[in-house]
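Okay, structure first, notes after.
From a predicted model like this one, the values you see are computed outputs, not experimental measurements. The first residue in the sequence is number 1, and the count goes up from there.
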Amino acid sequence: MSGTDFDIIIVGGGPGGYVAALRAAQLGLSAAVVEAKHLGGICLNWGCIPTKALLRASEINHLLHDLGTYGFSAEKVGFDFSKIVARSRAVSQQLSGGVAHLLKKAKVPVFEGFGKLDGVTGSKRKVLVTPEKGAPVTLTAKHVILATGARARVLPGLEPDGKLIWSYREALVPDALPRRLLVIGSGAIGSEFASFYRNMGSEVTLVEVAPRILPVEDEEISALARKAFEKQGMRVLTSAKVGPLRKSDTDVTVPVEVNGKTEEFTVDRVISAVGIVGNVEKIGLEGTKIKTDRTHVVTDALCRTGEPGVYAIGDLAGAPWLAHKASHEAVMCVDAIAGKQVHPIDITKIPGCTYCRPQIASVGYTEARAKEAGYKVRVGKFPLLANGKALAMGEPDGLVKTVFDAQTGELLGAHMIGAEVTEMIQGYVIARTGELTEAELAETIFPHPTISESMHEAVLAAYDGALHF
């Protein structure tokens, strides 16, 4: 191979793209990554990682103002908001640098610039790389993986202006803590930002067009999340419509209609978190057999597009928009290219996590979706209020819920809200992947004292065997 000819070219260096390159190197395939901005993509630079750094700071702030619960007292508790933001950026930069190191170690070259499909030469596909400075470079490979990710959806009238109306990017690097904040959209992104700013002391109003917040989660979990948010002092409005915004030099007035009644909110900042759209523009899809559907590239179960030799993974290929889904698709896609036997992804076995306070984690079918799919179900529930470790931690609010197939005993879904549930959901994911039944899970020994004991009790509860509630 020459310096511009490879087995695989990956366009995009996020959690899908860089993992694809590393896997290719492991299998002895030559690979190159084309990345226009930051290795690690949105996840490491403007999403998963920096938000978790901010949320950790807000958790600490919450604890510092709740010291009495644990028998402590302190005076003049405060924070330097600029340092909190700076730390989150430093964490992102460290991890992005780590990705660069891994690619260098694997001898994967990174071409800085925008990559696009540029036709075919012989049996090879061409990718044109246009750097910000310097001359374009043409790369060739038999296989091209598109991993260009997605960006925030922008609705008319809610365009981020860098000052009063924020997308997730502006919300990650604010100059100061807003006193009054309105968040539009209560999915994972909106709920996490609402939680961060509320726990840092902002007055927060969370607005959702759907009948409930976190609409993809189980209804009971959504209801408990709303109760927790409101207990923290957050205003939550559902089935809400946002009217035209009126901006002044320093604030913005937002009319919100609920049940036919309109209330106006004057706030310092608005965060728009109304979904994402795939980065399908300017990547050379024109003139190919690649199809798009609502800004996402259409693929088959093995990430193949309609154009031979071209694949799409991660957010570009559609929901669920999760970094771990992108990384798993990356490995699956490269393994298939290398001729290895692979198993297509079952999206009901992909965990979802929201890092608000309290945390939320789930996998598989909700109770309602399982019933809609024709299953007869057995449902188990166990409150964290009855869990010794949760009480000892001072985190008694939460619930673990399991959904089983009443006929076969297969675990169909699991849904959790409470402290550290994002670290525990993987136990249920393994059960889903291994097609375990209630029998294996009931026989599993969970350590004591841990919050994970609630997972065991929720299994037992589905079969009328819970011991501690």
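- Under the 3.5 Å distance criterion, with hydrogens and angles disregarded, no donor-acceptor pair is assigned to the side chains of T288 and E307.
- Considering all non-hydrogen atoms of both residues, A390 and I451 come closest at N-CG1, 4.1 Å.
- The 12-atom threshold is exceeded at CG of D300, counting heavy atoms of other residues, nucleotides or ligands nearer than 6.0 Å.
- In this structure a side-chain-to-backbone donor-acceptor pair under 3.5 Å is missing from R180 to R269.
- A donor-acceptor contact shorter than 3.5 Å is absent between the side chain of T130 and the backbone of G113.
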Verdict with supporting geometry, D218 and E367, side-chain contact (heavy atoms from CB on, under 4.5 Å): CA-CA 7 Å; D218 185 270; E367 180 181 356; 3.8 Å; yes
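- Atom CD of E219 is surrounded by 12 or fewer heavy atoms from other residues, nucleotides or ligands within 6.0 Å.
- In this structure, the side chain of K401 does not engage the main chain of A414 through any donor-acceptor pair within 3.5 Å.
- Between atom CD1 of residue I49 and atom CG of residue L95 there is a gap of 5.5 Å, rounded to the nearest 0.5 Å.
- Checked by atom type and distance alone, the side chain of D66 never pairs as donor or acceptor with a backbone atom of H62 at under 3.5 Å.
- A side-chain donor from one of T266 and T253 sits under 3.5 Å from a side-chain acceptor of the other.
- Taking every heavy atom of both residues into account, A419 and M393 meet most closely at CB-CE, 4.4 Å.
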Derivation of the side-chain contact (heavy atoms from CB on, under 4.5 Å) call for V173 and R169: CA-CA 7 Å; V173 288; R169 283 182 178 261; 6.0 Å; no
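- The CG atom of L285 lies 7.0 Å from the OG1 atom of T292; values are rounded to the nearest 0.5 Å.
- To the nearest 0.5 Å, atom OG1 of residue T305 and atom OH of residue Y311 are 8.5 Å apart.
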Step-by-step salt bridge (charged side-chain N to carboxylate O under 4.0 Å, His left out) determination, R235 to E263: CA-CA 13 Å; R235 181 85 179 273; E263 182 177 357; 2.9 Å; yes
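- Side chain of D268 to backbone of R179: a donor-acceptor contact under 3.5 angstrom is found.
- The two residues G13 and V33 come nearest to each other via the heavy atoms CA-CG1, 4.0 Å.
- The neighbour count for Y70 OH, taken as heavy atoms of other residues, nucleotides or ligands under 6.0 Å away, is above 12.
- Shown here is N259, whose CG atom has no more than 12 heavy atoms of other residues, nucleotides or ligands within 6.0 Å.
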Criterion salt bridge (charged side-chain N to carboxylate O under 4.0 Å, His left out) on R212 and E208, from CA distance to verdict: CA-CA 7 Å; R212 57 190 176 90; E208 171 58 53; over 6 Å; no
H324 and I350: CA distance, side-chain angles, deciding distance, side-chain contact (heavy atoms from CB on, under 4.5 Å) verdict: CA-CA 8 Å; H324 44 279; I350 301 175; 3.8 Å; yes
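- By the 30° and 60° cut-offs, the orientation of the rings of F81 relative to F196 is parallel.
- More than 12 heavy atoms of other residues, nucleotides or ligands sit less than 6.0 Å from atom CD of E170.
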Verdict with reasoning, V91 to Q94, per side-chain contact (heavy atoms from CB on, under 4.5 Å): CA-CA 5 Å; V91 170; Q94 179 179 346; 5.6 Å; no
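- Salt bridge status for E230 with R226: present, with a side-chain N to carboxylate O gap under 4.0 Å.
- Contact record, P351 with L322: O-CD1, 3.5 Å, taken as the closest heavy-atom pair.
- For I347, the CD1 atom counts as loosely surrounded, since its 6.0 Å shell holds 12 or fewer non-hydrogen atoms of other residues, nucleotides or ligands.
- Between E281 and R151 a salt bridge is recorded (basic side-chain N to carboxylate O distance below 4.0 Å).
- Across all non-hydrogen atoms, the minimal contact from I360 to A225 is CD1-CB, 3.9 Å.
- Here the CG-CD1 distance, from L399 to I221, works out to 5.0 Å after rounding to the nearest 0.5 Å.
- From M455, atom CE reaches atom CG of N387 across 12.0 Å, with rounding to the nearest 0.5 Å.
- Atoms OG1 and NE2, from T366 and H415 in turn, are 5.5 Å apart once rounded to the nearest 0.5 Å.
- We find that R246 and E264 are joined by a salt bridge, their nearest charged nitrogen and carboxylate oxygen being less than 4.0 Å apart.
- Nearest heavy atom pair, residue Q232 against residue R198, reads O-NE, 2.8 Å.
- T148 places a side-chain N or O within 3.5 Å of a backbone atom of N279 that can act as its donor or acceptor partner.
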